Asker: 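Here it is: the structure, laid out below.
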Protein chains: 2
Amino acid sequence: MPRVPGSKTPPDDAAALTAAQDRFIEVWGQMGSAWGISRTMAQVHALLYISAQDLCTDDVMDRLDISRGNASMSLRALVEWGIVERVHRRGDRKEYFRAEPDPWVMFRAILRQRLKREVEPLLASLYEIRDATRHSRADAGSLATEHNRRLESILNAFSTLELVSAKFIGPAGEGLLQAASLLASIDHDPEQQRRTHA
Amino acid sequence: MPRVPGSKTPPDDAAALTAAQDRFIEVWGQMGSAWGISRTMAQVHALLYISAQDLCTDDVMDRLDISRGNASMSLRALVEWGIVERVHRRGDRKEYFRAEPDPWVMFRAILRQRLKREVEPLLASLYEIRDATRHSRADAGSLATEHNRRLESILNAFSTLELVSAKFIGPAGEGLLQAASLLASIDHDPEQQRRTHA
DNA sequence: CCGAAGTTTCAAGAACGACTGAAAATTGGA
DNA sequence: TCCAATTTTCAGTCGTTCTTGAAACTTCGG
């Protein structure tokens with residue numbers, strides 16, 4: 001719907017903003033699905049994040065053109081992930097939702113959840129498998145020996161990964177990040193990234 | 001198929017090994033699908049990794065009970081990811097496949113690919129969106145302003161993430177990891193992990 | 001305590017990606 | 001060069017996950 005020239009309504013800036021939001025929502029949704037988050041859930045999050053306003057279920061439904069059930073599920077999941085919070089307005093019965101504005105806080109929340117949901121169970125299973133095998137006769141051929149060695153390797157690697165992540169998640173995390181980013185950016189032109197993607 | 005007692009065939013150690021492998025394959029497949037890798041592909045990788053032998057397409061098909069097409073596709077993808085290599089045996093026309101044995105080398109290969117495939121395009125899109133919006137009139141309301149601020153935030157965060165990852169991937173990566181793991185493990189009992197998951 | 005506004009649940013269906021199997025292409029040896 | 005072994009491709013099918021929509025539920029004001 002093109003703007004009427006000279007119209008008194010706000011200029012196309014509003015439309016441009018909406019378009020930019022849509023692109024962001026699209027892109028964020030893509031990324032989400034590549035990392036095992038449902039596309040819609042990522043899009044709901046993108047909308048809340050980029051619009052920088054508290055939105056209610058109906059706002060989300062209308063803007064993303066999804067069903068009420070879907071919106072409800074996605075919002076609940078985002079709240080469970082700790083990257084969206086419910087907010088209430090006095091004199092209004094509706095619930096509104098607000099996205100965590102700090103990306104680093106968001107990353108840490110996501111990492112925390114994924115560690116708990118995916119890495120911890122994995123580690124537990126790996127330990128179980130190792131222990132079930134361990135007691136078998138000394139070495140009934142190097143096959144079993146090599147199997148054990150590999151299991152041990154992967155266990156060590158994941159344990160370390162978990163420890164590092166725990167530090168990042170924990171209270172010292174902010175500091176650790178700064179240290180790492182400082183470390184990482186040594187001998188890097190700060191605008192170098194830009195050019196790479198331009 | 002229970003073992004005949006006193007049989008001359010090798011004891012159930014072989015069966016136990018197979019069972020352990022199966023569990024590993026299962027668990028690894030689960031994890032893969034949680035992180036956006038097809039379950040089968042992750043299982044093929046698990047099999048190659050844990051069996052610590054070079055296997056051919058038919059071995060994989062038979063062991064995982066999947067079709068030839070699927071096995072072929074999965075193996076090719078794993079090779080593209082750089083965590084499995086093709087090996088040839090002289091006098092044998094078949095191709096065999098071997099998994100990278102070092103988990104850290106593997107992690108770095110995976111990270112490298114995911115950065116290239118998912119994060120870089122994301123960053124490129126985000127820059128594009130930012131620049132498309134940038135030239136709109138100064139601030140036609142704080143909505144657009146806040147939009148820009150948020151876009152900027154997420155851009156900064158991802159740029160930093162990419163820089164840190166690049167360091168980890170690059171030649172200094174091994175060292176960086178050691179530093180991080182050392183840093184992370186300060187005031188941690190090395191067997192503490194174990195108990196957590198036991 | 002009732003009724004309206006709002007939210008959640010869940011069975012059925014739609015949409016999506018994965019898998020199969022057979023045909024086509026490739027490869028190496030004779 | 002030809003043949004047989006092996007690998008790759010891809011259209012169709014299959015299975016899983018996502019989405020819908022309406023009913024059940026909850027909550028709050030009156």
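Values in this document were obtained by computation on a predicted structure and should not be read as measured data.
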Asker: Between B:Asp65 (CG) and D:dC14 (P), how many Å, whole number?
Answerer: 17 Å
Asker: Which atom pair, heavy atoms only, marks the closest approach of A:Tyr49 to A:Glu100?
Answerer: CD1-O, 3.7 Å
Asker: In whole angstrom, give the distance that lies between atom CE of B:Met61 and atom P of D:dT7.
Answerer: 10 Å
Asker: On DNA chain D, check which nucleotide each of A:Thr40 and B:Phe97 is closest to and give me the residue with the more 5' one.
Answerer: B:Phe97
Asker: Could you check how far CE of B:Met73 sits from C1' of D:dT6, rounded to whole Å?
Answerer: 16 Å
Asker: Given C:dC10, D:dT19, D:dT7, which nucleotide is nearest the side-chain atoms of A:Arg39?
Answerer: D:dT19
Asker: Could you work out which one of C:dT8, C:dT27, D:dT6 sits closest to the side chain of B:Arg93?
Answerer: C:dT27
Asker: Between C:dT9, D:dT7, D:dC18, which one does the side chain of B:Asp58 approach most closely?
Answerer: D:dT7
Asker: Looking across every strand, which nucleic acid part, if any, lies under 4.0 Å from B:Arg90 by heavy atom: base, sugar-phosphate, or nothing?
Answerer: nothing
Asker: May I have the distance from A:Ile37 (atom CD1) to D:dT17 (atom C1'), rounded to whole angstrom?
Answerer: 15 Å
Asker: Which whole-number value in Å describes the distance from B:Asp92 CG to D:dT7 P?
Answerer: 9 Å
Asker: Taking side chain as C-beta onward, heavy atoms only, is A:Trp81 less than 4.5 Å from A:Met41?
Answerer: yes
Asker: Testing B:Leu55, B:Val60, B:Asn70 one by one against B:Val44 for a side chain to side chain contact (heavy atoms under 4.5 Å, CB included), which residue passes?
Answerer: B:Val60
Asker: When clusters are formed from ILVMFWY side-chain contacts under 4.5 Å, directly or step by step, what else is grouped with B:Tyr96?
Answerer: B:Val87
Asker: Counting heavy atoms from C-beta on, name the nucleotide in D:dT6, C:dG21, D:dC10 closest to the side chain of B:Ser67.
Answerer: C:dG21
Asker: Between D:dT17 atom P and B:Gln30 atom CD, what is the distance in whole Å?
Answerer: 10 Å
Asker: Let's see if you can work this out: which of C:dT20, C:dA18, D:dT9 has an atom nearest to the side-chain heavy atoms of B:Arg76?
Answerer: D:dT9
Asker: Hey, is the main chain of B:Glu26 close enough, under 3.5 Å, to the side chain of B:Arg39 for a donor-acceptor pair?
Answerer: no
Asker: Does A:Ser72 put a side-chain nitrogen or oxygen below 4.0 Å from OP1 or OP2 of C:dT7?
Answerer: no
Asker: Just compare D:dT8, D:dC10, D:dC18 and give me whichever is closest to any side-chain atom of A:Ser38.
Answerer: D:dC18
Asker: Return the nearest nucleotide to the side chain of A:Ile66; candidates are C:dT8, D:dT20, D:dT6.
Answerer: D:dT20
Asker: I need the NE2-C1' distance between A:His88 and D:dT26, as an integer number of Å.
Answerer: 13 Å
Asker: Taking atom P of C:dT8 as reference, at what distance in whole Å does atom NZ of A:Lys94 sit?
Answerer: 14 Å
Asker: Between C:dT9 and A:Arg68, is there an OP1 or OP2 to side-chain N/O distance shorter than 4.0 Å?
Answerer: no
